[in-house]
Amino acid sequence: MIHESPRVRFAPSPTGYLHVGGLRTALYNYLYAKKLNGAFVLRIEDTDRTRYVEGAVENLIATLQWAGLDFDEGPIIGGDYGPYLQSERLDIYKQHAQQLIASGDAYYCFCNAERIEKVREEQKAIGIQPRYDKHCLALSKEEVQQKLDAGEPYVIRLNVRPGGVVGFDDEIREHVEFSTDVIDDQVLMKSDGFPTYHLANVVDDHLMKITMVIRGEEWLSSTPKHILLYDAFGWEKPKFAHLPLLLNADRSKLSKRQGDVAVESYREKGYLKEAILNFIALLGWHGPDDKELYTIAELIEAFSLERVSKSGAVFDLQKLAWLNQEYLKTYDPKLMIPEFRTSIEKQLHVSLEEVDDEWLIDVFIQMRERINVIDEVAIQAPYFFLPPDVYDEKSVGKNWNTEASRSVTELANRVEVMDDPSKEDYEAALRMIVSERGINAGKLIHPVRLAVSGVSGGPGLFDILYLIGKDETVERLRTAVERLG
RNA sequence: GGCCCCAUCGUCUAAUGGUCAGGACCUCGCCCUUUCACGGCGGUAAUAGGGGUUCGAAUCCCCUUGGGGUCACCA
């Protein structure tokens, strides 16, 4: 047999946004493909018309591209095995469903919802697992044809033969087995002419020559249905790798109710894609050594399914925050400026049009080791952009008094007559005053900090003074003296 | 409930029969320091329980317990 080149796919359904769990699945697929020089395919599983969301496909692709997980084949860019939107492949599914009917592996079912429901109720009442009772399997060819001709609505079901065992070797979980007795006669084609996930997925994975199915663990228990389908078609099966789930803090499946799950919302909050990718890569996978900071290139190099863990992983925001700061600290500040501008303007309602990049870069560098995400600059240090409107009470009580007030005024006087002062000039002026007055530097530093920023923490005082500039410094010092006495 | 998967510090994980059970986040302490951070150093903290197998078990087997997933004309 010819050795086929690795092909994997990410197959989300377009429900409006990309879930972080989905991003991790996409990432693992991407890493696997890149590592082995294979193809990464994007396929959109839009077979549920009731869940159709306008613009969801575009949004999904945009988010994937933002993250840098470029696919080799997929919607818009095309490829040799398209179309890549399942809603454009209906004829293919229909044809394959017919093939299964011909071979006896599937059958028409005309039961309506009421009957199905009634059967289930009865089964539950006598304590057995609710499953379709194969009622329509008993229909003769003629009866089926008659109903078809009469235009009766129908579905096509998989004909599962009880008494057997279906097993497969999962790349992550070793051998898994199921009895066919517990597998329902799954609907393959719905009455609206669309296939269900199970049929479309198997047909497409085969036709698109997928060699490795990497997906979430929630699919593990429906895999035997897929195996049955491959066997019914007589197709070679891909390998399967079922990833551990991403969990809430209480260890239930990561859900919207307990926090943000949309990749877009993390992006909006200012998390860097490098941090997000690095973080989710580590949720269920770990390299061979203690390394935790990975670039994408390094992930590709180090990744392997053998090192994927089996148990679910809690989505820990604290670790994400730490990672984001790690990237913030090493990132080229120039690249952050557009987002920085937007973040400040949006939150502080100021215009930064007149402000040049260099100044913003300096502010950013002062702040980046004090924040986890860029949006925190506006919260922690609005004083770079606006004079303080209130003064932290605790700091006032601790640092402000008549003597401090006099020293602050003195500093204002001396700064006022300076010509384009440097950071060092501010410091020299302040040190001169404390030396003349015979007081500790802190007696003046803290009041000055309070006067210009309104708070007690932040970057070095002289960096702040230099960045807000001479005029603003003088004005803020005088305003504080006026207001605080 | 049936079926399936899983089980090492609070969290993410390393250790594929022999380690003082390692690292990271968080947390605590100390140092640095004009503050807040950053950084440095150090500390607390785990093999779910019970049986086996073995000279030796976190590691292999069984049971129990716990958690999760799944049981649709949704994916």
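Within every chain, numbering begins at 1; the chains are lettered A, B, ... in the order of the sequence lines, protein sequences first and strands thereafter. All values below come from the heavy atoms of this structure, side chains included, with hydrogens, waters and symmetry mates left out.
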Would you mind classifying the nucleic acid contact of [X] as base, sugar-phosphate or nothing, using non-hydrogen atoms under 4.0 angstrom?
| X | answer |
| --- | --- |
| F279(A) | nothing |
| L282(A) | sugar-phosphate |
| R307(A) | sugar-phosphate |

| Looking only at side chains, do D204(A) and Y93(A) share a donor and an acceptor under 3.5 Å apart? |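 Yes, because at least one side-chain N or O of D204(A) sits under 3.5 Å from a partner of the opposite role on Y93(A).
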| message | Given Y17(A), which partner from the list V261(A), V53(A), L60(A) fulfils the side-chain contact (heavy atoms from CB on, under 4.5 Å) test? | response |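 The single option meeting the side-chain contact (heavy atoms from CB on, under 4.5 Å) with Y17(A) is V261(A).
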Salt bridge present between [X] and [Y] (N-O < 4.0 angstrom):
| X | Y | value |
| --- | --- | --- |
| K291(A) | E298(A) | yes |
| D133(A) | R115(A) | yes |
| R51(A) | D46(A) | no |
| D169(A) | K237(A) | no |

| request: Using a 4.0 Å cut-off on protein heavy atoms (strictly under), produce a 5'-to-3' string for nucleotides 63-75 of chain B with B for base contact, S for backbone-only sugar-phosphate contact, and - for none. | output: -----SSSB-BBB
Gap in Å between the two [atom1] atoms, one belonging to [N] and one to [M], rounded:
| N | M | atom1 | answer |
| --- | --- | --- | --- |
| U53(B) | U70(B) | P | 40 Å |
| G39(B) | C4(B) | P | 48 Å |
| G2(B) | C63(B) | P | 15 Å |
| G52(B) | G43(B) | C1' | 38 Å |
| G69(B) | C41(B) | P | 41 Å |
| C31(B) | G68(B) | C1' | 45 Å |
| U64(B) | G23(B) | C1' | 33 Å |
| C60(B) | A14(B) | P | 14 Å |

Distance, rounded to the nearest Å, where [X] contributes [atom1] and [N] contributes [atom2]:
| X | N | atom1 | atom2 | answer |
| --- | --- | --- | --- | --- |
| H175(A) | C4(B) | NE2 | P | 12 Å |
| L323(A) | U11(B) | CG | P | 18 Å |
| D316(A) | C9(B) | CG | P | 14 Å |
| L243(A) | C4(B) | CG | C1' | 17 Å |
| H242(A) | C6(B) | NE2 | C1' | 15 Å |
| D290(A) | A21(B) | CG | P | 17 Å |
| L283(A) | C12(B) | CG | P | 8 Å |
| K398(A) | U35(B) | NZ | P | 9 Å |

Search all heavy atoms of [X] against all heavy atoms of [Y] and return the closest pair with its distance.
| X | Y | value |
| --- | --- | --- |
| F40(A) | R9(A) | CE1-C, 4.5 Å |
| L229(A) | H198(A) | CD1-O, 3.6 Å |
| E376(A) | N372(A) | OE1-N, 3.0 Å |
| A451(A) | W400(A) | CB-CZ3, 4.4 Å |
| C111(A) | I116(A) | CB-CD1, 3.9 Å |

Distances under 3.5 Å only, N/O to N/O: pair up the protein atoms with those of nucleotides 36-40 of chain B.
residue, atom, partner, partner atom, Å
C36(B), O2, R370(A), NE, 2.4
C36(B), O2, R370(A), NH2, 3.4
C36(B), O2, G458(A), O, 3.2
C36(B), N3, R370(A), NE, 3.4
C36(B), N3, R370(A), NH2, 2.7
C36(B), N3, G458(A), O, 3.3
A37(B), O2', E369(A), O, 2.2
A37(B), N3, E369(A), OE2, 3.2
C38(B), O3', K329(A), NZ, 2.8
G39(B), OP1, K329(A), NZ, 3.0

| Given Y466(A) and T473(A), is the side chain to side chain contact (heavy atoms under 4.5 Å, CB included) satisfied, shown in steps? | CA-CA 8 Å; Y466(A) 177 71; T473(A) 296; over 6 Å; no
Write down the partner of [N] under the Watson-Crick or G-U wobble criteria, each distance required to be under 3.5 Å.
| N | value |
| --- | --- |
| C60(B) | G52(B) |
| U11(B) | A24(B) |
| C36(B) | none |

| task | Mark yes when over 12 heavy atoms from residues, nucleotides or ligands other than K134(A) sit less than 6.0 Å from its NZ; otherwise mark no. | result |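 Yes.
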| For L320(A) and E174(A), take the nucleotide of RNA chain B holding the closest heavy atom to each; which residue's nucleotide lies nearer the 5' end? |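 Counting from the 5' end, the first nearest nucleotide belongs to E174(A).
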| task | Please figure out whether W285(A) or F462(A) has its closest RNA chain B nucleotide nearer the 5' end. | result |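 With F462(A) and W285(A) compared, the 5'-side residue is W285(A).
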| query | Taking the side chain of H286(A) as its heavy atoms from C-beta onward, which of C12(B), C5(B), A14(B) lies nearest to it? | reply |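 So the side chain of H286(A) is nearest to A14(B).
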| request: Could you tell me whether the side chain of Y197(A) reaches within less than 4.5 Å of the side chain of W219(A), counting heavy atoms only? | output: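 In short, these two side chains touch, coming nearer than 4.5 Å.
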| task | Measure distances between side-chain N and O atoms of K319(A) and base N and O atoms of A24(B), and say whether any donor-acceptor pair falls under 3.5 Å. | result |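 Flag set: donor-acceptor pair detected.
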| Does any residue of residues 424-455 of chain A have a heavy atom under 4.0 Å from RNA chain B, and if so, which ones, in number order? |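 I445(A), H446(A), R449(A), in order of number.
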